[in-house]
Amino acid sequence: MKNTPHGYCICPEGGIKLKKETYDVTGMSCAACSSRVEKAVAKQPGAQQVAVNLLKNSMVVEYDESQLSSVQIIAAVEKAGYGASLHAKSGSAPAAKAAETGGVSAAQKAYSDMKKRLVLSLLFTIPLFYLSMGHMMGWPLPAFFHDERNVFLTAFLQFLLTLPILYVNDKYYKVGFRSLFKGAPNMDSLIAIGSAAAMIYGVAALFQIAWGLGHGDMERVHRWSMDLYFESAGMILTLITLGKFLEARSKGKTSQAITRLMDLAPKTAMVLRDGGEAEIPVEEVRVGDQVVVRPGGRIPVDGTVTQGRSSVD
């Protein structure tokens, strides 16, 4: 029997009735994420087969519905630190709504969101980098920024420029620390820890500079003004976002190509039933049906040629 994204099949072992469903999974960023989602669902009672596709952000689960439900599957994914929802079938209300809004896929939406994040990150990272590293590069800077009496204002301006970068890329912190606290750190955890450490150290330097200026300790001010790492936190997030943007663009193109390839598959099949030909959806073809393929047509299902000669695609 041909399985559908939300369909049934009969397991030959013991006659157990299994249900097969496709889910959209969000929050995955690397192979470790997809592996964690797969393990979280696979250990649920009644789960027979679980396959997670990182490229398409999807998951196919085959399970015994007498022991497991879609609600429990989604809960297991969410407990692992990710999001999940049933994939909208063709012709369903969610699918129709998506078609009305232009049919934007999850991969295309991820690419669009990542592009916005990258643009906003660069908008603040470029002046931040220029302000913090310009004097080392010999780039021209207003005399105001070279005056040691204004070092706190310069440092505080770097802090303000870093905040929007952190806000735009807060997903790294939400996913990273959540995965870390659950005992399954991923790449986002590493990004979150690295950038947060640089930011916290920079804030500590701000307090030291303020203390030094308030007590006339210019040596302390000079020492801590060299230990500002706000640009490091900003650059970490921006460069990672650049990589994610390129990845999302590649995934979007690949996903689009796969979708177009799947669209080439016939949606209906002509079968011989009750002495005549009947055109039915491919999902309703049963084992043992005789399928008629016209000259130049496409073969809708796997099978064995029983009779006839012709030309097919």
Side-chain angles (χ1 to χ4, degrees), residues 27 29-30 32 81 113-183 185-248:
S29 60
C30 59
D113 293 343
M114 196 60 66
K115 185 177 181 180
K116 292 177 183 177
R117 284 171 55 184
L118 177 61
V119 171
L120 289 172
S121 297
L122 287 173
L123 186 64
F124 291 96
T125 300
I126 292 174
L128 172 63
F129 183 79
Y130 193 98
L131 180 61
S132 60
M133 306 296 291
H135 63 286
M136 296 183 183
M137 305 290 185
W139 296 338
L141 281 171
F144 174 85
F145 297 110
H146 293 289
D147 193 335
E148 199 168 51
R149 292 172 299 177
N150 300 324
V151 66
F152 179 81
L153 294 177
T154 303
F156 191 70
L157 180 57
Q158 293 181 36
F159 170 73
L160 293 179
L161 286 172
T162 310
L163 289 180
I165 304 174
L166 269 64
Y167 177 76
V168 170
N169 297 287
D170 63 341
K171 184 179 179 181
Y172 296 128
Y173 297 100
K174 292 178 180 177
V175 176
F177 284 123
R178 184 170 56 193
S179 300
L180 181 64
F181 295 149
K182 289 181 178 292
N186 56 15
M187 189 173 70
D188 287 343
S189 302
L190 184 63
I191 298 168
I193 292 173
S195 58
M199 193 68 184
I200 292 171
Y201 194 88
V203 171
L206 274 179
F207 280 98
Q208 291 290 344
I209 292 171
W211 177 275
L213 289 172
H215 292 77
D217 188 352
M218 299 310 293
E219 181 183 351
R220 178 190 292 265
V221 171
H222 178 75
R223 184 172 73 252
W224 283 97
S225 65
M226 297 292 104
D227 287 339
L228 294 171
Y229 293 101
F230 294 122
E231 84 286 349
S232 298
M235 287 296 293
I236 288 173
L237 295 174
T238 301
L239 290 177
I240 293 296
T241 301
L242 174 61
K244 294 279 189 180
F245 165 74
L246 297 175
E247 179 185 4

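Numbering starts at 1 and runs along the sequence shown.
The structure places CG of Leu228 at 9.5 Å from OG1 of Thr154, a figure rounded to the nearest 0.5 Å. Here CG of Leu163 is found 4.5 Å from CE of Met199. Values are rounded to the nearest 0.5 Å. Annotation: the span from Lys244 atom NZ to Leu118 atom CG amounts to 13.5 Å, rounded to 0.5 Å. Here the CG-CE distance, from Leu128 to Met235, works out to 9.0 Å after rounding to the nearest 0.5 Å. Here the OG-CD distance, from Ser225 to Gln158, works out to 10.0 Å after rounding to the nearest 0.5 Å. With rounding to the nearest 0.5 angstrom, the CG atom of Leu206 is 4.0 Å from the CZ atom of Phe230.
Annotation: side chain of Leu166 is in contact with side chain of Tyr173 (closest heavy-atom distance under 4.5 Å). Side-chain contact between Leu122 and Thr241 is absent, with no heavy atoms from C-beta onward closer than 4.5 Å. Two residues are said to be in side-chain contact when any heavy atoms from C-beta on lie closer than 4.5 Å; Asp217 and Trp211 fail this criterion. In this structure, Leu120 and Tyr167 have side chains that are not in contact, with every pair of non-hydrogen atoms separated by 4.5 Å or more. Put simply, the side chain of Tyr130 reaches to within 4.5 Å of the side chain of Pro140, judged on heavy atoms.
Residue Lys174 places its NZ atom among 12 or fewer non-hydrogen atoms of other residues, nucleotides or ligands, all under 6.0 Å distant.
Scanning all heavy atoms of the two residues, the minimum distance from Val221 to Ile209 falls at CG2-O, 3.7 Å. Taking all atoms of both residues into account, the shortest heavy-atom contact from Leu161 to Phe124 is O-CB, 3.6 Å. For the pair Thr162 and Gly234, the tightest heavy-atom approach, listed with the atom from each and the gap, is CG2-N, 4.3 Å. Of all non-hydrogen atoms in Thr238 and Ser121, the two that sit nearest each other are OG1-CB, 3.6 Å. What you find for Ile236 and Ile191 is that their closest heavy atoms are CG2-CG2, 4.2 Å. The shortest heavy-atom contact between Ala196 and Phe177 is CB-CZ, 4.3 Å.
Under 4.0 Å is where a charged nitrogen must lie from a carboxylate oxygen, and between Arg223 and Asp227 no such pair does.
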*Going through the checks in order, is the side-chain contact (heavy atoms from CB on, under 4.5 Å) test met by Leu239 and Thr125?*
CA-CA 10 Å; Leu239 290 177; Thr125 300; over 6 Å; no
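Side chain of Ser179 to main chain of Pro185: no donor-acceptor pair is present (N/O by atom type, distance under 3.5 Å, no hydrogens or angles).
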